[in-house]
Each structure stands twice: as structure tokens, then as C-alpha cells.
Number of protein chains: 2
Amino acid sequence: MKRKSLQGAACPVARTLDLIGDWWSLLIIRDALDGIRRFSDFQKNLDIAKNMLSARLKALVEQGIMQTVPAADGGAYKEYVLTERGKALQTVIVALSQWGGEFMYEAGETGSVMVDAQNRQPIRKLELVAADGRVLAPEDVATRLAVEH
Amino acid sequence: MKRKSLQGAACPVARTLDLIGDWWSLLIIRDALDGIRRFSDFQKNLDIAKNMLSARLKALVEQGIMQTVPAADGGAYKEYVLTERGKALQTVIVALSQWGGEFMYEAGETGSVMVDAQNRQPIRKLELVAADGRVLAPEDVATRLAVEH
DNA sequence: CCGTATCCATTCCGATACTG
DNA sequence: CAGTATCGGAATGGATACGG
């Protein structure tokens with residue numbers, strides 16, 4: 001039996017997971033955000049099988065999340081970079097990173113953190129903010145079906 | 001061949017995806033954040049096979065993301081609710097939802113949005129903010145290995 | 001160096017049947 | 001209603017070999 005497609009779902013979470021909700025895509029995007037561009041660099045860094053990496057990159061390009069460009073150094077091979085759409089996934093990566101940093105490490109264990117590139121200081125924790133600027137707790141956020149008016 | 005475990009990775013994104021990076025976990029958590037607590041409600045809402053749901057819930061409980069509690073109505077069966085750790089994943093869900101809302105819908109198509117429970121107004125888009133309060137663009141954020149000092 | 005193609009074990013996932 | 005057990009087809013992912 002085939003896994004259902006979630007593209008018809010009303011929930012944008014479901015549609016998004018349908019694109020990037022697998023084991024590798026978000027890790028590839030994380031590396032791409034870190035400046036990795038070449039096939040072999042992704043492969044070494046992720047320790048992913050080459051056929052898997054090939055398939056994932058192809059899918060990400062088809063979905064408009066990444067695109068191929070000529071090599072920056074004038075080499076013969078193409079490189080993979082994020083589109084604007086792909087870059088916008090950084091919020092998701094940061095959310096995952098902050099949660100993991102908070103809950104997945106023992107005391108004294110070192111992990112990596114997201115920092116302000118200018119001064120290398122960690123960025124603030126993401127916050128849920130209401131339209132009027134109040135910071136919201138998890139319980140204060142609900143889901144509503146969007147309707148035109 | 002078995003899939004590698006990412007638990008030893010230095011990157012918190014990898015560790016987190018190792019826990020919840022599969023197709024169903026985040027959807028279950030999204031429903032739980034929406035107030036769904038009972039096995040059959042998850043099952044109907046997600047249209048997931050019962051054995052899959054059973055396995056996922058068990059894993060989420062083992063990982064400390066959900067916990068079982070006696071039924072709120074005094075019924076004989078337990079219910080599944082998020083722990084604090086699980087509720088903290090709301091940022092991830094919101095990030096996915098906002099990205100999906102922006103990039104996965106045609107004009108005029110309706111999806112659901114995250115709103116302030118008090119006044120039903122959509123919440124603000126998540127922002128990457130530096131320690132000193134500046135809003136950062138994707139390019140202004142880097143990854144740094146955290147070190148004790 | 002950059003990938004593609006093929007093989008195979010493992011895992012995933014849905015359908016169905018069953019217990020309490 | 002709340003799960004567990006089992007089965008089989010499909011997809012995943014790693015190793016290896018191969019071609020541009």
C-alpha cells in the first residue's frame with residue numbers, strides 16, 4: 001500500500017511535511033543554509049548514501065526549494081543552492097535546533113547553536129507573538145480555518 | 001541495512017529529527033496541541049492505521065513528549081496529552097505552518113492559520129532576533145559549536 | 001570529482017482480524 | 001471504544017559497481 005499524499009489537506013503543516021517531512025531533506029537544507037553547495041560535501045557531511053542524496057536533491061530542486069547553479073569557482077560541475085523559498089525554511093531549522101538544544105543534551109555536553117553572524121552571539125529563542133505584540137504561551141495559540149472575506 | 005542513529009550528532013537539529021522526523025509524529029503533536037486526546041480521535045482525524053498510531057504514541061510516550069492520563073470524563077480508558085517538553089514543540093509546528101501557508105497554497109485557496117486564542121487574530125510571523133533585538137535575515141544567522149568556558 | 005544504476009535487507013504502512 | 005497481532009506490498013537506505 002502506498003503512503004497517502006497530504007497535499008490536499010487543509011492544514012499547512014501537513015502539506016509542508018509532505019514535502020520535507022522525511023529524514024534527510026531538512027538535514028540537507030540545514031547544511032545548505034550553512035553554505036554547503038557541492039554534492040560531495042553534502043555526502044561527506046551527512047554520511048548519506050550517494051543514491052539517496054541524489055534523489056533528495058532532485059526532489060528539492062523539483063519542489064523549488066533548491067536550484068542548481070554553475071560552480072562558483074568556474075569548475076565544470078554545478079552546485080546546489082537554496083531558493084528564497086528554501087531559505088525561508090530557516091525558521092523551521094531554528095525551531096528544531098532550539099528545541100533540541102534545550103531538551104536533547106545532557107548538562108556539560110556541547111552542541112551547536114544558531115548565532116548572529118555579526119557578533120557570534122546566540123540568537124534569541126523564537127517566540128509566539130500576537131498581532132498586538134503580546135508574547136503567547138502554547139495554550140494561548142489555536143488553529144483556525146482561514147476564510148476569505 | 002539499518003538507518004543510522006543521529007543521536008550522537010553534535011547538531012541539535014539532527015538529534016531532534018531523529019526523534020520526531022518521521023511522517024506521523026509531528027502530525028500527532030499538531031493534533032495534540034489542538035486538544036485531541038483520545039486514540040480514536042487521532043485515528044479518525046489523521047486517517048492513520050491503528051497499528052501505526054499505536055506504535056507512534058508509544059514512542060512519543062517513551063521519549064517523554066507525551067504522557068498518558070486517566071480519561072478526563074472518568075471513563076475507563078487513558079488519554080494522551082503532551083508533556084511540557086512536547087508542548088515546546090509548538091514553535092516547530094508554527095514554523096512549518098507559516099511556511100506552508102506562504103508557499104503551499106494557491107491564491108484564493110483556504111488553509112488553516114495559527115491564531116491568538118483570545119481574539120482569533122492570526123499571530124505574527126516568527127522572526128529571528130539577535131540578542132540585542134535586531135531582526136535578522138537568513139544570511140545573518142550562522143551555526144557555531146557551543147563551548148563551555 | 002560528479003553523479004547514476006542496480007541489488008538487497010530492513011523498515012514502513014495499510015488492511016484485516018482479533019481481544020478485552 | 002481501545003488497542004494488539006499478523007501479513008504483504010511498497011518504499012527506504014546502504015553498499016557496490018559503473019560511466020561522464
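In what follows, every chain begins at residue 1, and chains take the letters A, B, ... in the order their sequences are listed.
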Atom-pair distance (CG on B/Leu17; P on D/dG13), nearest Å: 12 Å
Side chain to side chain, B/Glu102 and A/Pro12, heavy atoms closer than 4.5 Å: no
Atom-to-atom span, CG of A/Leu27 to P of D/dG13 - whole angstrom: 11 Å
SG on A/Cys11 to CE on B/Met104, rounded to 0.5 Å: 11.5 Å
Separation of D/dG14 C1' from A/Trp24 CH2 (nearest whole Å): 10 Å
Nucleotide-level pairing of DNA chain D, given in dot-bracket where Watson-Crick and G-U pairs need both distances under 3.5 Å and | marks other strands: ||||||||||||||||||..
Atom pair distance, as rounded to whole Å: CD in B/Gln43 and P in D/dC1: 10 Å
side-chain N/O B/Ser40 vs D/dA2 OP1/OP2, d < 4.0 Å: yes
Flag side-chain contact, heavy atom, 4.5 Å: A/Leu89 against A/Leu33: no
Spatial distance of atom CG (B/Leu17) from atom CG (A/Asp22) [nearest 0.5 Å]: 9.5 Å
Of A/Asp22 and A/Tyr77, the one whose closest DNA chain D nucleotide lies more 5': A/Asp22
Sidechain-backbone polar pair: A/Gln98 side chain, A/Leu126 backbone, donor-acceptor under 3.5 Å: yes
Lys/Arg cation over aromatic B/Tyr77: B/Arg38, 6.0 Å, 45° cone: no
Nucleotide nearest A/Trp23 (side chain, heavy atoms from C-beta), chosen from D/dG13, C/dG14, C/dC2: D/dG13
Near-strand residues of residues 49-60 of chain B, defined as heavy-atom separation under 4.0 angstrom from DNA chain D: B/Lys50, B/Asn51, B/Ser54, B/Lys58
Sugar-phosphate only, base, or nothing, as touched by A/Tyr80 at under 4.0 Å among non-hydrogen atoms: sugar-phosphate
Whole-Å distance separating the CG atom of A/Asp47 from the P atom of D/dG14: 8 Å
Protein-nucleotide distance (A/Ile36, atom CD1; C/dC2, atom C1'), rounded to Å: 16 Å
For the student: nearest non-hydrogen atoms of A/Ile28 and A/Arg56, plus distance: CD1-CB, 3.5 Å
B/Trp99 side chain to A/Arg85 backbone, donor-acceptor under 3.5 Å: yes
A/Leu53 CG to A/Asn45 CG distance, which is reported to the nearest 0.5 Å: 11.0 Å
Spacing of B/Lys44 atom NZ relative to C/dG14 atom C1', expressed in whole Å: 18 Å
Whole-Å gap separating C1' (C/dG3) and CD (A/Glu79): 15 Å
A/Arg38 side-chain N/O to C/dC2 phosphate OP1/OP2 under 4.0 Å: yes
